[in-house]
Amino acid sequence: MFKRLREDIEVVFEQDPSARTYLEVILTYSGLHAIWAHRIAHAFYKRRLYFIARVISQASRFLTGIEIHPGAKIGRRFFIDHGMGVVIGETCEIGDNVTVFQGVTLGGTGKEKGKRHPTIKDNVLISTGAKVLGSITIGENSKVGGGSVVLKEVPPNSTVVGIPGRVVIQDGKKIKRDLNHCDLPDPIADRFKEMQDELDQMKKELAQLKEERTKINGHSTL
């Protein structure tokens, strides 16, 4: 138990250069508080004391801004940096030496039953605002870029960016289909284009009707 707590503290010093003293880390790091609260809540959850587990997790959410379901399985040396808004679902499984930043969601798509949240393997880094959704696996030593939405499996040693997330680097080599961020889908712009096309078609049909009416009026005058 004490060895695990010490590891949780040590990883803060390794990952955050602004950490100065043990007292500062223990008293002021909300990510550390959320992890410790989760370890307690998870222990109750495994004993089927679900209500107590949820009370602890919700109290932690209120105090830290980090929501970790007590059913989630989290490995050693897990680090949450600037953790406000982090959400981790019930069937999520996280390996060792994983780092996540603020606004990260490890959630479901709302369609699955049973195992419906991601599995994050060892040594993965998930950057600010990224969303990893569904019962998918992020392979060892992979990185997820900030703001990405990952919906498919990610192989080990990969870097994923974009919406939807695409692998741009694997095993240290760039993938040819690198994501061009200026070409990201824009549903609002697409809808405006559809509306513009419909207006153009209506104008064309209206012009044809006016032309036909003019011809008919011309013939009737004669």
Side-chain angles (χ1 to χ4, degrees), residues 4 7-8 11 15 29-156 158-160 163-165 167:
R4 180 66 63 87
E7 279 185 344
D8 292 335
V11 74
Q15 298 283 354
Y29 274 66
S30 59
L32 183 64
H33 301 158
I35 292 169
W36 283 351
H38 171 72
R39 299 204 190 283
I40 297 170
H42 187 63
F44 282 104
Y45 187 90
K46 290 193 297 183
R47 291 167 174 78
R48 299 181 179 274
L49 299 171
Y50 301 127
F51 178 74
I52 297 175
R54 287 307 298 267
V55 168
I56 294 171
S57 68
Q58 290 302 300
S60 174
R61 176 192 179 195
F62 176 78
L63 294 171
T64 66
I66 299 168
E67 182 173 353
I68 308 176
H69 193 284
K73 299 177 181 178
I74 297 178
R76 299 168 62 177
R77 300 172 61 79
F78 180 51
F79 179 55
I80 302 175
D81 194 9
H82 300 288
M84 181 63 68
V86 168
V87 177
I88 300 175
E90 178 183 14
T91 60
C92 188
E93 299 179 23
I94 299 175
D96 299 333
N97 300 304
V98 171
T99 298
V100 302
F101 288 83
Q102 68 268 26
V104 166
T105 298
L106 306 179
T109 62
K111 300 177 182 179
E112 306 98 338
K113 294 182 179 179
K115 180 70 169 78
R116 59 193 184 279
H117 299 106
T119 296
I120 312 298
K121 294 294 187 177
D122 297 345
N123 308 310
V124 169
L125 184 146
I126 305 177
S127 297
T128 304
K131 315 299 178 187
V132 183
L133 306 176
S135 182
I136 61 176
T137 299
I138 308 298
E140 294 89 346
N141 309 307
S142 292
K143 298 177 181 179
V144 179
S148 301
V149 178
V150 184
L151 303 172
K152 296 181 179 180
E153 303 278 333
V154 176
S158 301
T159 298
V160 180
I163 305 173
V167 176

Can you tell which of L106, V144, L133 makes a side chain to side chain contact (heavy atoms under 4.5 Å, CB included) with V150? V144
Nearest 0.5 Å, please: how far is [atom2] in [Y] from [atom1] in [X]?
X    : Y    : atom1 : atom2 : answer
L125 : T159 : CG    : OG1   : 9.5 Å
I66  : I35  : CD1   : CD1   : 7.5 Å
C92  : H69  : SG    : NE2   : 11.5 Å
K73  : T119 : NZ    : OG1   : 9.0 Å
H117 : T105 : NE2   : OG1   : 10.0 Å
E153 : S135 : CD    : OG    : 7.5 Å

Anything under 30° is parallel, anything over 60° is perpendicular, the rest tilted; go ahead and classify H33 against W36. tilted
Taking side-chain hydrogen bond (donor to acceptor under 3.5 Å, both in side chains) as the definition, give me every residue that meets it alongside E7, ordered by chain and number, with sequence neighbours left out. R76
With E67, which residues qualify under side-chain hydrogen bond (donor to acceptor under 3.5 Å, both in side chains), at least two apart? R61
Is there a side-chain contact between I68 and I80 in this structure, where contact means two heavy atoms from C-beta onward sitting under 4.5 Å apart? yes
So which heavy atom on [X] is nearest to which on [Y], and how close?
X    : Y    : result
V154 : S142 : CG1-OG, 4.0 Å
Q102 : V86  : CA-CG2, 4.2 Å
S57  : P70  : OG-CD, 3.6 Å

For D122 and N97, which I'm curious about, is there any donor-acceptor pair between the side chains at under 3.5 Å? no
Please list, chain by chain and in numerical order, all residues satisfying ring-ring contact (aromatic ring centres under 6.0 Å, His included) with F101, sequence neighbours excluded. none
